[in-house]
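Okay, structure first, notes after.
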2 protein chains.
Amino acid sequence: MAKQTHPTLLDIAKIAKVAPMTVSRVINESGYVSAEVRQRVRRAIDKLEYHPNALARSLKSQRTHVVGILLPDIKNPFSGELAGSIQQVLLERGYSAFLCTTEQSVQREQAGLSAFFDHRVAGIVVATLETKAGDEALERFTRRGMPIVSVGREPGLAVVDRVTANHWRGAFDAVEHLISLGHKRIAYIGASALHARRLRRFQGFCDALHEHGLDVRDEWIAGPAGDSGPGYSTLADGYAGMQRLLDLSRRPTAIFARNDFTAMGALSAARDRGLDIPGDIAIVGFDNVPLSAFTSPPLTTVEQPTAEQGRRAAQMLLERIEGEVEGEHREVSFDCRLIVRASTQTPAEQPE
Amino acid sequence: MAKQTHPTLLDIAKIAKVAPMTVSRVINESGYVSAEVRQRVRRAIDKLEYHPNALARSLKSQRTHVVGILLPDIKNPFSGELAGSIQQVLLERGYSAFLCTTEQSVQREQAGLSAFFDHRVAGIVVATLETKAGDEALERFTRRGMPIVSVGREPGLAVVDRVTANHWRGAFDAVEHLISLGHKRIAYIGASALHARRLRRFQGFCDALHEHGLDVRDEWIAGPAGDSGPGYSTLADGYAGMQRLLDLSRRPTAIFARNDFTAMGALSAARDRGLDIPGDIAIVGFDNVPLSAFTSPPLTTVEQPTAEQGRRAAQMLLERIEGEVEGEHREVSFDCRLIVRASTQTPAEQPE
DNA sequence: TGCATATATGGTAACGCTAACACATCGGCG
DNA sequence: CGCCGATGTGTTAGCGTTACCATATATGCA
């Protein structure tokens, strides 16, 4: 067992020849301490390289300065940027982050949430997809008075405040953009029809088609090969999905991909078949990852303000933690923005 | 102030009509407890949804089950994958992760390390670039008996165990691959000559050229525009660097990029100039990010086993924490692997 | 029957810190 | 001169948990 030993308040007190309480006062700059004693204590602190034990402090004060962040998977660039922006706000206000990624595992989700709870974090930011067990756990936590903010989740129960982007609208706009270019055969890549229903981006896709009198054809909805569930969709999923769509006798002329990586996979598959983008087939992505501006052709996509969402979520959480805000759940929704690049244009003539 | 209230051992003890110590025994499954009492206690625990306070436990037992992870920036896919693989091992062994990303800020690095220390983490995994202040802090921590494992860092001081990949060799192999194809004018994109010196990938690049009697020309070393330091190099850096190289009267015929994103930026810049890859100019990346197989053309690159490094680092750290291993610092180095794809081929004839 | 051992439970103190209170000493002022 | 508030320091207790010791009954065996 690697044993660590650390000096305590008492050690400092002995060296400075004062009571522990006085040392505490120096550290917290609270109460009265004479200049002379303060200096003596400071010197002892420096000498021993003393750092207060946050565990003991938290136990005594019944509050921590730690926030739990629950993310789906860290490879997803959305998660990364979110974590970074949340952390920035936390650090500025003297909080630290306890992080857990679930990687689609309910077990990991439970383990992570338990760890948060056991360590009595001051609050939690959740950015995972809803699960039954997860929602129940969160609900238990809120009953104990733990502030929670969700990011990018459906308006579920159990949650105090909610930050999200209008994915539905973003998808709607993207698909309407394709329609306005003259596309009538528009496919979706990113989740099976079964799982897609839960996704707002997919709903926006469907609603845009309906609004313009176009069909949502089942064969034009391409999920991952093994239908692995509603998790993040990858390059390989996009590639495989596009291949399936291109094998159809009645091909789509445009693709709405669930995210940029899926779009890039689709792009790659089309290119490998010798097709021209956007001449033969148009592609729209979602998320505006940095790379989307550098593909060939650059990808038309929808931007969601990820960092803003993270910052806002952190701020809202801290407001709850510090008791600046109480009462009703709050909801903040950010707009998405269509970014038209070269991967979309009017379709070539096609046989009906 | 959002106040949380949690039941304690004492609450359970009262309900189950036993002493707190007995409850503790039930929870930890230590010592003797009769079946009947155990059941009574269990029922009380379920009724109140009691969860032991990890803070109090840690304070008493003088050990935590929390590991600090210090990362450069989370957007970097290497960091993401590393964090994920470390976490997996930690969770399996009942540990949780305290995470901090430095984003090139010495101040954030210090704040993060202090937070780790104040919370008395059981150990630390560091994957940031060396800084003077950071090394000093780590050295102080080791003096206190805190186990530390570094990943991907130089063999610096202050650190117990070290996990790394042989970046030098990977770069050497990649450049030798270009040379074997007949390239003689090979450029580097990713850091200014000043900062590149510290990078093993750059050293491998230089050494390969020297070994084959080729020059390392200063004008063929392209760093980011503002020379922003040794941090991660981006798509935009690659794009801008390639533009500068293509403006030279004496152009390179091949590019060794510091990482895949830089390579993709370079690829994009070359394409925008109407150049053919690899016909006009060959490009090699580094890291084998998923996307590198899907660019056009797919990118020749060097793979480093990121997840293995993370898992190994976590294992080594846990071995130290649990006292299974003591004494001398250990070093583990993983091999990189050249992955030849379509972005490299024999150069076209060029005027000398 | 007596005594060692296994089984079962409780009491006390301590981990490191700080809120709350107690107790000084000092200057100022009616 | 006595009283008040400001200033400076110490004492006590408790946050929730568990290590350690004490106690009590049950069981086995000579």
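In the text below, chain A, chain B and the rest are named by the order of the sequence lines, each starting its count at 1. Please read all numbers here as calculations on a predicted model, not as lab measurements.
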Nearest-nucleotide check on DNA chain C, B/Arg120 vs B/Ala35; residue mapping nearer the 5' end is B/Ala35
- Could you check B/Pro20 against B/Ala56 and say which one's nearest nucleotide on DNA chain C is further toward the 5' end?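 The answer here is B/Pro20.
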Would you tell me if any nitrogen or oxygen in the side chain of [X] comes within less than 4.0 Å of OP1 or OP2 on [N]?
X: B/Ser34; N: C/dT9; result: yes
X: A/Thr8; N: C/dG16; result: no
X: B/Gln62; N: C/dG16; result: yes
X: A/Thr22; N: D/dG10; result: yes
X: A/Tyr32; N: D/dT7; result: yes

Between the side chains of A/Arg42 and A/Glu29, is the shortest nitrogen-to-carboxylate-oxygen separation below 4.0 Å, so that they form an ion pair?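 Result for this pair is yes, salt bridge flagged.
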Are any of the side-chain nitrogens in B/Arg311 or B/Glu92 under 4.0 Å away from the carboxylate oxygens of its partner?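 No, no charged N to carboxylate O under 4.0 Å.
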Whole angstrom value for the distance that separates [atom2] of [N] from [atom1] of [X]:
X: A/Arg38; N: D/dT9; atom1: CZ; atom2: C1'; result: 13 Å
X: B/Lys14; N: C/dT9; atom1: NZ; atom2: P; result: 20 Å
X: B/Ile27; N: D/dT17; atom1: CD1; atom2: P; result: 7 Å
X: B/Ile12; N: D/dT18; atom1: CD1; atom2: C1'; result: 16 Å
X: A/Arg57; N: C/dG16; atom1: CZ; atom2: C1'; result: 11 Å
X: A/Leu48; N: C/dG16; atom1: CG; atom2: P; result: 14 Å
X: A/Leu10; N: C/dA14; atom1: CG; atom2: C1'; result: 12 Å
X: A/Lys17; N: D/dG8; atom1: NZ; atom2: P; result: 22 Å

Could you please name the option among [options] that lies closest to any side-chain atom of [X]?
X: B/Tyr50; options: D/dT17, C/dC15, D/dT18; value: D/dT17
X: B/Met21; options: D/dG8, C/dG10, D/dC15; value: C/dG10
X: A/Leu59; options: C/dT18, D/dC15, D/dT18; value: D/dC15
X: A/Asn53; options: D/dG10, C/dG10, C/dC17; value: C/dC17

Can you tell me how far apart [atom1] ([X]) and [atom2] ([Y]) are? Round to the nearest 0.5 Å.
X: A/Asp118; Y: B/Ser58; atom1: CG; atom2: OG; value: 10.0 Å
X: A/Ile69; Y: A/Leu317; atom1: CD1; atom2: CG; value: 9.5 Å
X: A/Ile148; Y: A/Asp161; atom1: CD1; atom2: CG; value: 10.5 Å

Ignoring hydrogens and geometry beyond distance, is the side chain of A/Arg25 in donor-acceptor contact with the base of D/dG10 at under 3.5 Å?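 Such a pair is found, so the answer is yes.
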Kindly say whether the aromatic ring centers of B/Phe117 and A/His6 come within a distance under 6.0 Å.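 Between A/His6 and B/Phe117, which both carry aromatic rings, the centre distance is below 6.0 Å.
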TODO: Determine the contact category for B/Ser61: base if any of its heavy atoms lies under 4.0 Å from a base atom, sugar-phosphate if only primed atoms, P, OP1 or OP2 are that close, otherwise nothing.
DONE: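 Counting heavy atoms under 4.0 Å across all strands, no contact is made by B/Ser61.
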